[in-house]
> 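Please find one structure pasted underneath; my questions will follow.
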Amino acid sequence: MTHTTPFGVRLAGTGSALPTRVLTNADFEGMVDTTSEWIVKRTGVHQRQILDESKGECAFELERLAITRAMEAAGIEGSDLDLLIVGSLTSEMRCPSNACRLVEAIGAQPAGAFDLNAACCGFVYSLNVADSLIRSGRHRAIGVIGCDALSPFLDYEERTVSILFGDAAGAVVLVRDDEHPERGCIYQKIESDGRGWENLYMPSRESDVPPNAPHSDVRVGCLRMNGREVYKFAVTKFQQVIEDALEQTGLAVDDVAQFVCHQSNIRIIESAKAKIGLPDEKVYINIDRCGNSSAGSVGLCLDELVRAGRITSGDTVVFVAFGAGLTWASSVWRV
Ligand code: COA
């Protein structure tokens, strides 16, 4: 889907937040039967940051910090926003949404607010929805947050899933730009295939677990993953999604300043880089420090890139994610 409107959408500011507890691979060596070497080789993760619940850290707090920093960078107040979208699967309550509570926390009422659950695609799905709503002419300024704090939903006695994930939030403020119609999302895709849901899921009850499901030793209420199947899906889909985005926009790799990718697993990212021929400096990596933070990862990478001056006004940026659902998404921007 491509957009043409007489106005553009400006990425006015970014922000992010990480919790404070650092969990290293050495820590895992003392918790489960694993080695740091195995974890680094299979996933690229050296350490991840997770909630320190004794300090009151939670997804909501990470989201509040990330959007506050994005608003500061954009030079706007909460009252300037007319919508807030939180892409997350780990909002504290089923009701109300974290987005509604955040509207109160940042003084954005009566802005519209909703959480959007597309698992690891939460940020890219939300970015695409927000751009479309501004392009519709009905909204002028939208806060988008991608956040997941999966650590309370990991079984740390099981070694295959827990090693991969960290907690994080990334946020962006988007505003209508009447002077630069060329700015904003120039191509987007949001897709899913529910047939693969049982490869990555979080059962609420025993009856949610399909018969003969692997990893039945993982506690109910915790994330379960069929790593090999997810790997096969992700390694193929990731490459396809990037190739589709380039093909549909007519862009060459050289035209793109950064490919901001979900930090799923280093082997998946490296495979796509090699197959498509993406240079190291155009594919940002922080999975070594932060792990896979699900819906938090793309917004976190974006904020780190912007603050390091590696994404600036006029750049073309490709965002890509995939995850549970199964879901996948891309978003191509003229920043
Ligand atoms: N340390 C040491 N050994 C481990 C281990 C760990 N942390 N976790 C699993 N193993 C063992 C398994 O028990 C198995 O042993 P066995 O051969 O004796 O039965 C062996 O390693 C291979 O297990 P497998 O699950 O097939 O490992 P893998 O090579 O597929 O690697 C993942 C596991 C999770 C790293 C890999 O499947 C993967 O990266 N999947 C994609 C995950 C992903 O990206 N998810 C996010 C999507 S958004």
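All ligand and atom numbering here is 1-based and tracks the order in the structure. Just so we're clear, the structure is a prediction, and the values are computed from it rather than from any experiment.
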> Apply side-chain hydrogen bond (donor to acceptor under 3.5 Å, both in side chains) to residues Asp255 and Thr316 and explain how you reach the verdict.
CA-CA 7 Å; Asp255 301 323; Thr316 299; over 6 Å; no

> Can an N or O of Asn292 be found at a distance shorter than 3.5 Å from an N or O of ligand 1?
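No, no N or O pair falls under 3.5 Å.
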
> Name the one of Ser293, Pro19, Ser16, Ser88 that satisfies side chain to side chain contact (heavy atoms under 4.5 Å, CB included) with Leu62?
Pro19

> Do Val175 and Val9 come within less than 4.5 Å of each other through their side chains, counting heavy atoms only?
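Side chain of Val175 against side chain of Val9, heavy atoms only: no contact under 4.5 Å found.
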
> Would you mind running through ligand 1 and noting each atom that sits below 4.0 Å from a heavy atom of His262?
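It comes down to these atoms of ligand 1: 48 (S).
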
> Would you mind finding which of Asn25, Thr34, Asn226 brings a heavy atom closest to atom 1 (N) of ligand 1?
Thr34

> Is the closest side-chain donor-acceptor distance between Ser151 and Asp167 under 3.5 Å?
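Distance-only check passes for Ser151 and Asp167.
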
> Can you name the atoms of ligand 1, numbered from 1 with element, that are less than 4.0 Å from a heavy atom of Phe322?
48 (S)

> Under 4.0 Å from any heavy atom of Cys120, which atoms of ligand 1 are there?
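Heavy-atom distances to Cys120 below 4.0 Å select 48 (S).
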
> Need the ligand 1 atom indices (1-based, order shown) with element for anything under 4.0 Å from a heavy-atom of Val230.
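Near Val230, meaning under 4.0 Å from one of its heavy atoms, ligand 1 has 43 (C), 45 (N), 47 (C).
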
> As an exercise, identify every atom of ligand 1 less than 4.0 angstrom from a heavy atom of Met225.
34 (C), 42 (C), 45 (N)

> Short N/O distance, under 3.5 Å, between Ile268 and ligand 1?
no

> Check for me whether Arg267 meets the cation-pi criterion with Tyr231, that is, NZ or CZ under 6.0 Å from the six-membered ring centre and within 45 degrees of the ring axis.
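Checked: cation-pi criterion met.
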
> State whether the shortest distance between N or O atoms of Asn265 and N or O atoms of ligand 1 falls below 3.5 angstrom.
yes

> Under 3.5 Å, N or O to N or O, is Thr43 touching ligand 1 that way?
no

> Would Arg101 count as a cation-pi partner of Phe60, with NZ or CZ less than 6.0 Å from the six-membered ring centre and within 45° of the ring normal?
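Yes; both conditions hold, so Arg101 lies above the ring face of Phe60.
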
> Checking Trp38 against Ser36 for the side-chain hydrogen bond (donor to acceptor under 3.5 Å, both in side chains) test, could you report, in this order, the C-alpha distance in whole Å, the side-chain angles of both residues, the deciding distance, and whether it holds?
CA-CA 5 Å; Trp38 193 97; Ser36 180; over 6 Å; no

> At a 4.0 Å threshold, what atoms of ligand 1 neighbour a non-hydrogen atom of Tyr231?
39 (O), 40 (N), 41 (C)

> Taking salt bridge (charged side-chain N to carboxylate O under 4.0 Å, His left out) as the criterion, tell me which of Arg135, Arg334, Arg183 meets it with Asp177.
Arg183

> Judging by distance only, is a nitrogen or oxygen of Thr35 under 3.5 angstrom from one on ligand 1?
no

